[in-house]
Amino acid sequence: QVQLVESGGGLVQPGGSLRLSCAASGSIFSINAMGWYRQAPGKQRELVAAITSGGSTDYTDSVKGRFTISRDNAKNTGYLQMNNLKPEDTAVYFCNADIVTMELWRPRRDAYWGQGTQVTVSS
């Protein structure tokens, strides 16, 4: 089975930085788009950043200029570099990936979610 595991979250002061990682494992044929979502207490889950298999990126307005999404296809791993963190960035961050597996010689495409990693920005 395919599994996504996030790491790198923690407690950081305002203005600090964190680097989140999302490692995919299992019987992976290919990974299409990857994205990072976050969910703060009392708020809906929102898409923070996304990256296509070709490296095109997009960000929600509130993180533009501060966050950078990237990926290492050889390692099946995605990253989210977060700089100049603000208290409003506090949330559980989830990795999502559109992954193709092979099932009886047929491609199967599914979206997978990681378990989430807590990011807390506070003095």
Side-chain angles (χ1 to χ4, degrees):
Q1 63 177 12
V2 173
Q3 184 178 22
L4 301 182
V5 179
E6 301 101 331
S7 61
L11 175 64
V12 65
Q13 293 184 338
S17 297
L18 286 173
R19 181 179 172 86
L20 306 183
S21 297
C22 173
S25 62
S27 300
I28 299 170
F29 181 78
S30 64
I31 301 178
N32 297 321
M34 301 184 71
W36 287 93
Y37 293 74
R38 68 186 180 188
Q39 188 164 22
K43 303 194 70 175
Q44 292 292 310
R45 185 173 299 186
E46 66 170 340
L47 177 63
V48 176
I51 184 168
T52 69
S53 60
S56 298
T57 60
D58 199 11
Y59 303 88
T60 191
D61 287 343
S62 63
V63 308
K64 287 181 178 177
R66 300 188 297 120
F67 290 11
T68 302
I69 188 171
S70 62
R71 61 193 291 169
D72 186 335
N73 291 330
K75 297 181 178 180
N76 285 335
T77 300
Y79 305 93
L80 185 67
Q81 178 67 47
M82 304 185 294
N83 298 327
N84 192 24
L85 283 160
K86 303 176 180 180
E88 50 263 43
D89 295 319
T90 296
V92 178
Y93 284 71
F94 298 89
C95 179
N96 176 268
D98 183 14
I99 295 177
V100 177
T101 59
M102 297 301 295
E103 188 174 86
L104 298 177
W105 301 95
R106 294 175 61 88
R108 181 184 176 93
R109 180 177 174 181
D110 297 282
Y112 294 85
W113 290 91
Q115 82 288 350
T117 185
Q118 177 70 48
V119 172
T120 302
V121 184
S122 176
S123 298

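This is a predicted model, so every value here is computed, not measured. The basis for the numbers below is simple: all heavy atoms, side chains too, and nothing from hydrogens, waters or symmetry mates.
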**Student:** Start with the C-alpha gap between Met34 and Cys95, add the side-chain angles, then the distance that decides, and say whether side-chain contact (heavy atoms from CB on, under 4.5 Å) holds.
**Tutor:** CA-CA 7 Å; Met34 301 184 71; Cys95 179; 4.1 Å; yes
**Student:** So which heavy atom on Ala91 is nearest to which on Gln118, and how close?
**Tutor:**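 Distance-wise, the nearest heavy atoms are O-NE2, 3.4 Å.
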**Student:** Are Ser17 and Gln81 side-chain neighbours, meaning at least one heavy-atom pair lies under 4.5 Å?
**Tutor:**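 Contact flag for Ser17/Gln81 side chains = yes.
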**Student:** Over all heavy atoms of both residues, which pair between Ile31 and Ser53 is shortest? Give the atoms and the distance, please.
**Tutor:**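 It is O-CB, 4.0 Å.
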**Student:** With rounding to the nearest 0.5 Å, note down the distance linking OG1 in Thr52 to CG in Asn32.
**Tutor:**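 Result: 9.5 Å between the selected atoms.
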**Student:** Not counting sequence neighbours, which residues clear side-chain contact (heavy atoms from CB on, under 4.5 Å) with Val121? List them please.
**Tutor:**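 Expected list: Val12, Pro14, Leu85, Pro87, Asp89, Thr90, Val119.
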**Student:** If you look at every heavy atom in Trp36 and Leu47, which pair is closest and at what distance?
**Tutor:**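 The answer is O-CD1, 3.6 Å.
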**Student:** Could you tell me whether a side-chain N or O of Glu6 sits under 3.5 Å from a main-chain N or O of Gln115, the two making a donor and an acceptor?
**Tutor:**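 Answer holds: yes.
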**Student:** Please report the interatomic distance CG(Asn73) to OG(Ser30), rounded to the nearest 0.5 Å.
**Tutor:**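 Nearest 0.5 Å value for the CG-OG distance: 10.0 Å.
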**Student:** Please name the residue in the list Ile99, Asn96, Thr77 that meets the side chain to side chain contact (heavy atoms under 4.5 Å, CB included) test with Leu4.
**Tutor:**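 In the set Ile99, Asn96, Thr77, the residue that makes a side chain to side chain contact (heavy atoms under 4.5 Å, CB included) with Leu4 is Ile99.
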**Student:** Looking at CZ of Arg71 and OG1 of Thr57, how far apart are the two atoms once the value is rounded to the nearest 0.5 Å?
**Tutor:**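 Atom-to-atom, Arg71:CZ and Thr57:OG1 are 11.5 Å apart.
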**Student:** Between Thr117 and Ser7, is the side-chain contact (heavy atoms from CB on, under 4.5 Å) condition met? List the steps.
**Tutor:** CA-CA 6 Å; Thr117 185; Ser7 61; 6.0 Å; no
**Student:** Can you tell me how far apart CD1 (Ile51) and OH (Tyr59) are? Round to the nearest 0.5 Å.
**Tutor:**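 Spacing of CD1 (Ile51) from OH (Tyr59) equals 7.0 Å.
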**Student:** To the nearest 0.5 angstrom, please state how far the CZ atom of Phe67 sits from the CZ atom of Arg38.
**Tutor:**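 Output value for this atom pair is 5.5 Å.
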**Student:** Taking only residues two or more places apart in sequence or in another chain, which ones pass side chain to side chain donor-acceptor pair (under 3.5 Å) with Gln3?
**Tutor:**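 Not a single residue meets the side chain to side chain donor-acceptor pair (under 3.5 Å) criterion with Gln3.
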**Student:** Please report the shortest heavy-atom distance between Val100 and Pro107, naming the atom on each side.
**Tutor:**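 Here Val100 and Pro107 meet closest at CG1-CB, 4.0 Å.
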**Student:** Which heavy-atom pair separates Arg66 from Asn84 by the least distance, and what is that distance?
**Tutor:**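 For Arg66 and Asn84, the tightest heavy-atom pair comes out as NH1-O, 3.0 Å.
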**Student:** Tell me whether the count of non-hydrogen atoms from other residues, nucleotides or ligands lying under 6.0 Å of CD in Glu88 goes above 12.
**Tutor:**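 Yes, CD of Glu88 has more than 12 neighbouring heavy atoms, counting only those of other groups under 6.0 Å.
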**Student:** How many angstroms lie between atom OH of Tyr93 and atom OH of Tyr37, to the nearest 0.5 angstrom?
**Tutor:**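 Here the rounded value is 14.5 Å.
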**Student:** Does atom CZ of Arg108 have more than 12 heavy-atom neighbours, drawn from other residues, nucleotides or ligands, at distances under 6.0 Å?
**Tutor:**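 Open.
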**Student:** If you look at every heavy atom in Thr60 and Glu46, which pair is closest and at what distance?
**Tutor:**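 Closest approach of Thr60 to Glu46: OG1-OE1, 4.3 Å.
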**Student:** Using the rule that Ile, Leu, Val, Met, Phe, Trp and Tyr join whenever any side-chain heavy atoms are under 4.5 Å apart, tell me whether Tyr112 and Ile28 fall into a single cluster.
**Tutor:**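 They do share one cluster, since a chain of ILVMFWY contacts under 4.5 Å joins Tyr112 to Ile28.
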